[in-house]
Amino acid sequence: MPVTAVVGAQWGDEGKGKIVDLLAGEAQMAIRAQGGDNAGHTVINPQGHFALHLVPAGIFHPDTLCVIGSGVALNPEVLLAEIDALHARGVRTDNLLISERAHLVLPYHLLIDRVEEASLGPARIGTTGRGIGPCYVDKVSRTGLRAGDLLNPAEFRAKLAFATERKRAIRADVPDDPVWDIDAVAARYLDYAERLAPYIREVVPIVNRAVAAGQKVLIEGAQGTLLDPDYGTYPFVTSSSPTVQGLCLGAGIGPKRLTHAVGVFKAYCTRVGAGPFPTELHDAIGEALRERGHEYGTTTGRPRRCGWFDAVAARHSVQVNGLDSAALTRLDILDALDRIQVCVAYELDGQRIDYFSGIPSVLERCRPIYEELPGWQTSIHRCRRYEELPPAARRYVERLEELLGVPFDIISVGAQREQTICRRSVL
Ligand code: IMP
């Protein structure tokens, strides 16, 4: 009964897309559990180079049933564009299902996201502007529309009219805009509905039948644990829970059915948007990591902030998620460095601490305490077995394992699917 959750263990962009694409070849089902098109999952495989936002990264394996789960914030326009782009490149989507419970991102969610960010001024979060926060606000305030509503045009129109009028009445700060035109939005969404209807289902029994039958099921996370509203750097977080717990919830699988939780860590840290980042580098090394790693947002193109691996934050992530093991990605990006730093603790007001505070102003005052390790200064792109890695690269991996208390079962040494060292099966 292998059910494996693949969770982002830092601030997102850890390379989950590559890991899920790799593992999905063995899985009968891959479920995207939360988040929306704020996510950008890069997959490079024999079919090409893809940036997925909503479609599970398992889609390239025709025998893997791919599910957009109940916890996802679904922008139907973005999903259809993604499906069209996949079809244009010969990737089929007959193996895709959408939960009828997934909430719809509506045009006014995008507008509200922009207006709220602008109103925050210097305190802005740096959202992706995809309307994800406002969509989840409506979910929790019980005024959202869901994928299943698209299947009943009369009901959809009525719910949209009610929700739009209510929102308009309480959001006097949001300007006049075509997003408030109920007829136009209903017509657009009901067009999308015609194309999406074949994919929309109650997926809970389908998913749980697969689990009960002992099929290999992958749950794919979006964003990362440090962007979790409860356990991340609140308020500089996203609006769904990118933890293992959030993944089970969004997939409709009870946590006791989960057999393996694998956290994906990048060999260094990055963050997009605002918020504390104790190991951020503002120097030439940070710049070099960004350039060598092409650290620019898949969804927004924004330059990512770069820094050293933070084992304090990583341990927090291991604890919050209850990780069984980890995948280490982009180790090759460190190839050229002669010395590598790992943050092993923080100094806070003259005291050494080893926990990741939940208070941003405290995190801002934390100074990283580094341990220095030698670099390997050679290309590792061709390594396929752990023993083939240079001794300094193995020492880096093993030091991280000691600091985190979990084994790195998968190590990625390049962007291509085959540029991967698999030390143990996680599925
Ligand atoms: P939102 O999810 O668009 O509301 O953005 C909230 C915060 O999460 C911002 O700092 C975003 O940059 C960040 N964020 C959202 N999605 C991702 C992602 O997929 N990768 C990395 N950061 C993300």
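Start at 1 and go down the list; that is how both ligands and their atoms are numbered. The structure presented is a predicted model; accordingly, all values stated were derived computationally and were not measured. Positions are given from 1 along the sequence.
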With heavy atoms under 4.0 Å as the rule, classify the contact between [X] and ligand 1 as side chain, backbone, both or neither.
| X | value |
| --- | --- |
| Thr128 | both |
| Val237 | backbone |
| Trp11 | backbone |
| Arg271 | neither |

For atom 2 (O) of ligand 1, which of Asp37, Thr238, Asp13 has the closest heavy atom?
Thr238

Nearest neighbour of atom 8 (O) of ligand 1 from the list Thr270, Leu227, Thr298, on a heavy-atom basis:
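The option holding the nearest heavy atom is Leu227.
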
Can you find an N or O of [X] that's nearer than 3.5 Å to an N or O of ligand 1?
| X | answer |
| --- | --- |
| Gln223 | yes |
| Arg302 | yes |
| Val272 | yes |

Show the atoms of ligand 1 that are less than 4.0 angstrom away from any heavy atom in Ala39.
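Taking each heavy atom of Ala39 in turn, ligand 1 has 19 (O) under 4.0 Å.
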
Less than 4.0 angstrom from a charged side-chain N to a carboxylate O is my criterion; do [X] and [Y] meet it?
| X | Y | value |
| --- | --- | --- |
| Arg290 | Glu287 | yes |
| Asp149 | Arg157 | no |
| Glu295 | Arg302 | no |

Whether [X] side chain and [Y] backbone form a donor-acceptor pair below 3.5 Å:
| X | Y | result |
| --- | --- | --- |
| Arg367 | Pro278 | no |
| Lys16 | Gln223 | yes |
| His61 | Gln28 | no |
| Arg292 | Ile333 | yes |

Going through the checks in order, is the ring-ring contact (aromatic ring centres under 6.0 Å, His included) test met by Phe50 and Phe60?
CA-CA 10 Å; Phe50 301 86; Phe60 304 99; 4.6 Å; yes

Nearest-contact summary for atom 5 (O) of ligand 1 - protein heavy atom, Å
Thr127 CA, 3.3 Å

Identity and separation of the nearest protein heavy atom to atom 11 (C) of ligand 1:
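Nearest protein contact, heavy atoms only, for atom 11 (C) of ligand 1 is Gly126 O, 3.5 Å.
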
